[in-house]
Protein chains: 2
Amino acid sequence: MPEAAGKVDLKDIAEYLSLSTCTVSRILNNRMGSAKYKQETIERVKKAAKKLGYQPNYLARSLSMDKTMTVGLCVADIASPFFGRFAVIFQQEAARRGYSAFLCNTNSDKELEKRYLNELLSRRVDAVVVSSSLGAEISGWIEHARDMGRRVILFDREADGIAAPLVTVDNRAAMSKLARSVLNSAETGTVGVITGDPADRSLAQRLEGIRDALRDANIDEIHLVIAETGSTSAAHGRQSFRQLWEHKPGLVFSLACDLTVGAVQDAFSLRLEPGSDFRLACFDDFPGREWLRCDIPYVSQPVEQMAEICARLACQPEEPAVEHIVLPAGEGKSPADS
Amino acid sequence: MPEAAGKVDLKDIAEYLSLSTCTVSRILNNRMGSAKYKQETIERVKKAAKKLGYQPNYLARSLSMDKTMTVGLCVADIASPFFGRFAVIFQQEAARRGYSAFLCNTNSDKELEKRYLNELLSRRVDAVVVSSSLGAEISGWIEHARDMGRRVILFDREADGIAAPLVTVDNRAAMSKLARSVLNSAETGTVGVITGDPADRSLAQRLEGIRDALRDANIDEIHLVIAETGSTSAAHGRQSFRQLWEHKPGLVFSLACDLTVGAVQDAFSLRLEPGSDFRLACFDDFPGREWLRCDIPYVSQPVEQMAEICARLACQPEEPAVEHIVLPAGEGKSPADS
DNA sequence: CTGTTAGCGCATTCAG
DNA sequence: CTGAATGCGCTAACAG
């Protein structure tokens with residue numbers, strides 16, 4: 001039990017033992033060159049620290065070491081399934097390495113993202129892991145961050161010409177594969193696609209994947225209807241579906257989780273049901289998929305793996321190599337594999 | 001654009017202008033006593049700061065002010081819908097007030113939670129907001145935190161005899177109301193309840209609410225079957241439903257979101273469907289509820305409001321009053337109100 | 001094996 | 001109206 005809780009610092013415990021703060025610091029951090037300090041001193045110090053209820057002040061430590069053992073996690077919306085699961089694993093893996101994580105929700109707002117990014121630098125995080133909506137615009141900031149000796153890791157959203165490691169899934173290949181298998185299974189009529197901001201390279205890649213499949217199936221793109229505006233929100237998914245439905249598509253691709261949710265919601269409100277009234281295939285799993293009346297084929301992302309990799313890159317001392325790490329996505333269809 | 005990016009501190013800009021760091025500091029923080037400094041100096045300083053790309057070092061500032069403008073958010077699982085939405089609003093509201101938030105996922109593990117809590121103190125967060133699984137056990141730590149001058153706000157999970165503000169919904173009343181309306185609507189046969197750790201006071205309150213309703217409906221508790229073990233995970237929900245189904249309940253109450261998801265999953269895998277094979281009512285909304293074939297009555301929590309209140313209490317300078325803030329929960333039934 | 005000294009970058013008394 | 005000096009708590013050269 002702490003005695004003078006909350007107000008004990010290194011000096012206190014040093015004076016208490018008639019030692020120097022230096023000694024205490026080194027012992028408490030196991031940072032003594034090589035087999036120095038007698039065992040007895042070590043014991044005494046540790047005991048005293050516990051007894052006095054010493055809690056190191058990470059601020060002071062960070063200031064003097066220029067190392068905070070913190071990372072910033074910047075995502076569009078932590079409440080979305082993908083980022084939620086990502087965050088859990090990421091935070092866990094970071095913690096395993098002694099790191100704490102700041103959370104920022106950008107809501108895909110560019111200005112807000114910039115503010116958060118700089119805020120994180122001011123807080124001297126050692127690294128920031130970001131699913132950025134800035135695209136190539138982020139280059140300048142990355143350089144800045146590197147000048148400050150901070151690591152930057154991008155994930156989820158693709159971007160070109162970026163001087164930072166980038167962790168994504170193989171959006172195009174995965175979507176193409178999914179589309180191919182779906183297109184093969186029957187004649188389809190009009191094909192609808194629900195996507196978000198066309199400037200989002202990840203979404204663009206997914207769309208390309210679909211185009212690849214259409215080409216291979218010798219389907220004219222004239223049968224392709226694309227609803228692409230704004231964000232990847234459920235609201236936009238609803239709106240897009242509504243818009244798409246005017247073309248009575250036999251097959252609908254949704255390119256992001258929230259879009260899918262919105263699309264299904266709107267379909268239901270039109271008394272339509274995926275599987276019977278139209279076929280649905282989508283990128284990423286979505287909540288409640290398991291209890292739709294039919295199986296919805298989807299591209300399943302290796303979220304946990306992404307999060308682990310990002311945590312590793314962010315929490316290792318060395319500057320991570322600038323490379324695009326492309327993870328293979330899986331295919332999901334049958335319910336309840338969670 | 002930053003010139004010597006990342007390496008400019010107060011002293012740099014002070015020397016650059018032949019001023020003292022003190023002057024610069026005061027101007028940049030708008031902390032000049034009362035109408036001091038000529039307008040010109042002020043302009044010069046601000047201009048120079050921008051030009052040199054000055055980024056304040058929050059660590060140093062925090063160290064000297066004993067105020068970090070950070071808060072810790074400690075929840076069981078950020079990937080759950082409730083905490084996810086909570087976190088979004090909380091982080092947003094905190095940011096509005098200049099605060100950054102550390103995220104910790106305890107996974108309802110008591111030891112882990114304790115570790116995180118202390119870690120947060122070491123990082124000198126100004127406040128921590130926690131949905132604690134420690135129950136009354138947390139008292140000691142709260143005292144410790146207060147000794148260190150840190151604010152503590154509890155939410156979501158009830159606990160007695162706690163010297164900190166507590167923000168919850170009226171678990172018992174809400175659940176009782178829901179149960180009453182459901183029990184009235186037909187004769188029910190066996191009533192099943194899926195809950196988690198019996199030591200969780202919030203869950204206990206919800207269960208009490210059901211008991212209240214049974215009593216009012218003159219239903220003997222002999223018809224009540226309770227599945228209560230372990231956590232509130234989907235896995236446990238599945239297992240509990242399986243177990244419950246042996247009693248062929250006509251009505252099932254699920255007391256937490258993830259439990260509900262698990263229960264529905266298991267029902268489906270048994271080729272049972274809520275609405276036709278048994279009635280389901282639950283605490284909290286759950287993902288995909290909208291496309292079940294029947295409406296599921298549920299208690300809807302005022303998440304956003306909770307988050308706002310917590311953010312306000314955490315980010316205000318004054319020590320928040322020790323009080324139990326009980327928010328009324330709503331009732332949901334019809335789909336798509338998001 | 002242990003202690004002295006000097007910062008880390010900023011805010012803040014006090015003097016001018 | 002402005003600056004010099006001090007300290008926040010800790011780490012890390014450099015001595016002994």
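Numbers restart at 1 for each chain; the letters A, B, ... are given by sequence-line order, proteins then strands.
- Between A:E119 and A:R123, at least one side-chain nitrogen of the basic residue sits less than 4.0 Å from a carboxylate oxygen of the acidic one, meeting the salt-bridge criterion.
- What you find for A:S132 and A:R157 is that their closest heavy atoms are O-CD, 3.2 Å.
- Note on B:S18: only backbone sugar-phosphate atoms sit closer than 4.0 angstrom, heavy atoms only; bases stay farther off.
- Legend: salt bridge (Lys or Arg N to Asp or Glu O under 4.0 Å) pairs involving residues 136-146 of chain A, not counting sequence neighbours, sorted by first then second residue: A:K110-A:E137, A:K114-A:E137, A:R146-A:E319.
- Comparing the local axis fitted to the first five base pairs of the helix from C:dC1-D:dG16 to C:dG16-D:dC1 with the one fitted to its last five gives a bend of 40°, rounded to 10°.
- One can place CD1 of B:I27 at 15 Å from C1' of C:dC10, the figure rounded to the nearest angstrom.
- For the pair B:K67 and B:D126, the salt-bridge criterion is not met [side-chain N within less than 4.0 Å of a carboxylate O].
- Looking at heavy-atom distances under 4.0 Å, B:T41 makes contact with sugar-phosphate atoms alone, never a base.
- The CE atom of B:M69 sits 15 Å away from the C1' atom of C:dC10 (whole-angstrom rounding).
- A salt bridge does not link B:D66 to B:R124: none of the charged nitrogens lies less than 4.0 Å from a carboxylate oxygen.
- Ring-plane geometry between B:F155 and B:F83 is classed as perpendicular, the angle between the planes exceeding 60 degrees on a 0 to 90 degree scale with a lower cut at 30.
- Look at NZ on B:K67: it is 17 Å from P on C:dC10, rounded to the nearest Å.
- For B:T23, a side-chain nitrogen or oxygen approaches OP1 or OP2 of D:dG3 to under 4.0 Å.
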Practice problem: Assign a letter to each nucleotide of nucleotides 6-16 of chain D from its 5' end: B, base within under 4.0 Å of a protein heavy atom; S, sugar-phosphate only; -, no contact. | Solution: -BBBBBBB---
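- Using bins of under 30°, 30° to 60° and over 60° for the plane-to-plane angle, the ring pair B:F86/B:F90 lands in the parallel bin.
- Summarising the geometry, the separation between CZ on A:R123 and P on C:dG9 is reported as 18 Å, rounded to the nearest angstrom.
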Quiz prompt | Stepwise salt bridge (Lys or Arg N to Asp or Glu O under 4.0 Å) check, A:E93 with A:R312 | solution = CA-CA 8 Å; A:E93 291 302 300; A:R312 189 160 45 71; over 6 Å; no
